[in-house]
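Worksheet for the structure shown next.
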Amino acid sequence: MRIATWNVNSVRSRIDRVMGVLERHDLDVLLLQETKCRDDQFPMLDLAAKGYELAHHGLNQWNGVAIISRVGIEDVAVGFPSMPGFGEPIAPEARAIGATCGGVRVWSLYIPNGREIDHPHYHYKLDWLSRLRDDATGWLADDADAQILLAGDWNIAPTDDDVWDVAFFEGRTHVTAPERAAFQAIVDAGFSDVVRPFTPGPGVYTYWDYTQLRFPKKQGMRIDFALASPALASRVTDAMIDREERKGKGASDHAPVVVTLD
DNA sequence: ATGGTTGTATAACAA
């Protein structure tokens, strides 16, 4: 079984690349973030022809998360139970969707960006991660053998090796101590990064800004992660970051992250 | 040069 996560940055503008990623990696499950469309706008025709089912949660042009699966989609959950909204008045956001696919509970997660340190969105980001940690801790408490994958765009570089220049990020989000602590708290709850052992750093990234020729200059960030529960982590036999997908005209600014299970 | 690029509800936007 093979599962990938990818911040696609608009599924409508990149459906051909989505089909290519599914085929190239022989994916059973693809978790997407930033689909940037409502449920009724999702381009499903080619996917259905290839035997894939869809669970999508999209409300507007900004967010949107999806699960594409050819091994079934059961018990779909729109958001995790304690997930907070954002804004004034507080509005729900399409940043998490969960389902059981082929016996694995998968979550496609689009963690809030944070925008700027101490911006209201930054505090929302930390609250969002704290509530995810609390819920995920409960899932493992209910069933220590649960096979759960928390995967997506975390908008956090957990270590200095995960950014191209530490000095550049001073005073910016994604690398601050509270964000890194929030990420580590989920690791401490029992969810381990199953990709890093197969893609050791530094200099290994999943995201490159569109501007400033960041990709050809190899100036990226590792911010997309697949965190697995203990029972699922023990099944992982391989993982890779599909840097090739970032090349060429019409690429997303993120690369797919692919995990292979026994 | 608070600059560049890309997405879409084309905005005094979000990423």
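In this text the structure is predicted, and so the values were computed from the model without any measurement. A note on names: the letters A, B, ... follow the listed sequences, proteins ahead of strands, and every chain is numbered from 1.
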Let me know the distance between [atom1] of [X] and [atom2] of [N], rounded to the nearest Å.
X	N	atom1	atom2	result
A:E116	B:dA15	CD	C1'	12 Å
A:N9	B:dA15	CG	P	11 Å
A:Y210	B:dG7	OH	C1'	7 Å
A:D209	B:dT5	CG	C1'	7 Å
A:R12	B:dT6	CZ	P	18 Å
A:H119	B:dA14	NE2	C1'	10 Å
A:L59	B:dA9	CG	C1'	13 Å
A:R214	B:dT5	CZ	C1'	12 Å

Discussion item. Looking at A:F168, I'd like to know if the NZ or CZ of A:R172 sits under 6.0 Å from its six-membered ring centre while staying within 45 degrees of the ring's axis.
Written reply: yes

Measuring only the [atom1] atom in each nucleotide, how far is [N] from [M]? A whole number of Å is fine.
N	M	atom1	result
B:dG4	B:dC13	P	15 Å
B:dT2	B:dG7	P	26 Å
B:dA1	B:dA12	P	25 Å
B:dA15	B:dA9	C1'	16 Å

Fill in: Distance below 4.0 Å between A:R95 side-chain N/O and B:dA15 OP1 or OP2
yes

Worksheet item: Any side-chain N or O of A:R115 less than 4.0 Å from the OP1 or OP2 oxygen of B:dA15?
Response: yes

Reckon [X] touches a base, only the sugar-phosphate, or nothing at all at heavy-atom distances under 4.0 Å?
X	answer
A:N113	sugar-phosphate
A:R38	nothing
A:F215	nothing

Fill in: Most 5' of A:S13 and A:P112 on DNA chain B, judged by nearest nucleotide
A:S13

Worksheet item: Which residue, A:T211 or A:Y207, contacts DNA chain B at a nucleotide closer to its 5' end, judged by nearest heavy atom?
Response: A:T211

Fill in: side chain to side chain donor-acceptor pair (under 3.5 Å) partner of A:D127, chosen from A:R131, A:K125, A:H123
A:R131

Nucleotide nearest [X] (side chain, heavy atoms from C-beta), chosen from [options]:
X	options	result
A:H121	B:dG7, B:dT6, B:dA15	B:dA15
A:Q61	B:dG4, B:dG7, B:dA9	B:dA9
A:Q212	B:dG4, B:dT6, B:dA15	B:dG4
A:E34	B:dA15, B:dG7, B:dA9	B:dA15
A:K36	B:dA15, B:dG7, B:dT6	B:dG7

Discussion item. Quick check on A:E116: does its CD atom have over 12 non-hydrogen neighbours (other residues, nucleotides or ligands) under 6.0 Å away?
Written reply: no

Worksheet item: Do A:D253 and A:R214 come within less than 4.5 Å of each other through their side chains, counting heavy atoms only?
Response: no

Worksheet item: Would A:D28 and A:R2 pass as an ion pair if we require N to O under 4.0 Å?
Response: no

Practice prompt. Any strand is fair game: report the nucleotide pairing with B:dA12 by Watson-Crick or G-U wobble, both distances under 3.5 Å, or none.
Written response: none

Practice prompt. For the pair A:R70 (side chain) and A:L27 (backbone), establish whether a donor and an acceptor sit closer than 3.5 Å, ignoring hydrogens and angles.
Written response: yes

